[in-house]
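Heads up, the thing below is written out as structure tokens.
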Amino acid sequence: MKKIIAICILISVSVLGFSASEELELYSVLYNGSMSNSAQLGILQSIVELKLTGAGDFYAKALRRLVSEYSNISNATEKNAADEQAMVLAQLLGAEKYTAAASDLWLIARDFQDPLVKAEALMSLGKVQATAFLPQVIGVLNSLNMAPTADRLNGERVAFGAIIALEKYKDASCYLPVYFASVGWYSDRIKNQAAKSLAIIADDPSPFMTDIVKGPGYNYQTKYAALKSLETSDVSNDKKATLAVDALAEGWRATTSDVNLRNVLSSMRKDSMDMIRRYGTQDETVYPLLERGYNYQYDLDERKLAIRTISALATDESARRLSNYIMELNRKRQAGNITQIDETLIRELIPALGATKRPIARPALNAVTQLDWVPAVKNLATAALRQIP
């Protein structure tokens, strides 16, 4: 039946030579006179084939009628036709960028059950730049990001529509919902699309990752993931280092007896220090944080990394702090209460201090050569002194 209607319309248009406005008027009369969704769908499909433009007002009225009558449709065939009709109208209104239809597009996204219909309506909201409904679209994706849906495929379909919609909005508020989709429970197809959309929404992810790392509403696993995400991005090394200092501070903020969380915090601190070591920083607040790492009694590797990071900064403050650590061990050497860990640390500290190449490093290193350290340690101090101009 739909094919017969479509053929009759196409014949009428081609034979009688209607103008575009006359064609649209014909479709409008036929559509409004159609009592079934199947017949309406056939007319819409004919319009798609003819690629009419400037028909946004007609599409909006058709959508308004569909939305108002949808709840009264009981026949399964007509319901399916109505769903397909909604998808076609959403596509057409999106192509026309017909913002005036936004409220009905949102009703489709919210109330229709078919996930493909919901997705199409969401995408069209983005295409028409329906800013009044941006919070609702963000809410859809945020809700889906929280946990896998009972039917994962249906959930992914709606999430895809929301991601594309937010990409079209290109608003800063869209970034984090799409980011969490890119690292969420979805299949690679959805996560990869989210990652592509992120680059369109914003060129620089650093402000958003900073919001996560410093924000009180995120757990430490999420903060750590944000740090790693920025590390693999194309932003400047300065921005990576700035976030690393923030993450290092966050890594010392929490105290917990939970073993898994302690491991997350330790890994976040270590990765932060490694980034600071490689990229450098002018932020003076980093030194007390690195000193906490040096004094951390539960992880020798973390203590060593703190020493190397302080050394890599190669400032007078770096040399001063490393010198203080060495002088403390010198005093323990004189008192005769050096431990095995102290022996390990002195071997790490001496080359680190020499690598700063700061003249203020000389007194601590000279002291090592004068005390009762084993020859290997004294040789390290002598070699370090040669590095200092």
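What you are looking at is a predicted structure, and each value in this text was computed from that prediction instead of being measured. Atoms considered below: every heavy atom in the structure, side chains included; atoms not considered: hydrogens, waters and symmetry mates.
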Would you list the pairs meeting side-chain hydrogen bond (donor to acceptor under 3.5 Å, both in side chains) in which at least one residue belongs to residues 106-130, sequence neighbours left out? Q91-E120
With sequence neighbours excluded, residues passing ring-ring contact (aromatic ring centres under 6.0 Å, His included) with F160: none
Who are the ring-ring contact (aromatic ring centres under 6.0 Å, His included) partners of Y175, not counting sequence neighbours? F208
Please enumerate all residues that pass side chain to side chain contact (heavy atoms under 4.5 Å, CB included) together with A102, with sequence neighbours excluded. L125, A130, F133
Determine which pairs satisfy ring pair (Phe, Tyr, Trp, His ring centres under 6.0 Å) with at least one residue from residues 69-98, sequence neighbours left out, and list them in order. Y70-F112
My understanding is that only residues two or more places apart in sequence, or in another chain, count here; which of them pass salt bridge (Lys or Arg N to Asp or Glu O under 4.0 Å) with D316? R358
Residue set satisfying salt bridge (Lys or Arg N to Asp or Glu O under 4.0 Å) with E250, at least two apart, ordered chain then number -> K223, R253
Residues in salt bridge (Lys or Arg N to Asp or Glu O under 4.0 Å) with K270, at least two apart? D299
Pairs meeting criterion ring pair (Phe, Tyr, Trp, His ring centres under 6.0 Å) with involvement of residues 311-363, two or more places apart: Y294-Y325
Residues that E291 engages under salt bridge (Lys or Arg N to Asp or Glu O under 4.0 Å), provided they are two or more places apart: R321
For residues 241-292, the ring pair (Phe, Tyr, Trp, His ring centres under 6.0 Å) pairs (sequence neighbours left out) are W252-Y296
Contacts satisfying ring pair (Phe, Tyr, Trp, His ring centres under 6.0 Å) that involve residues 357-388 (not counting sequence neighbours) are none
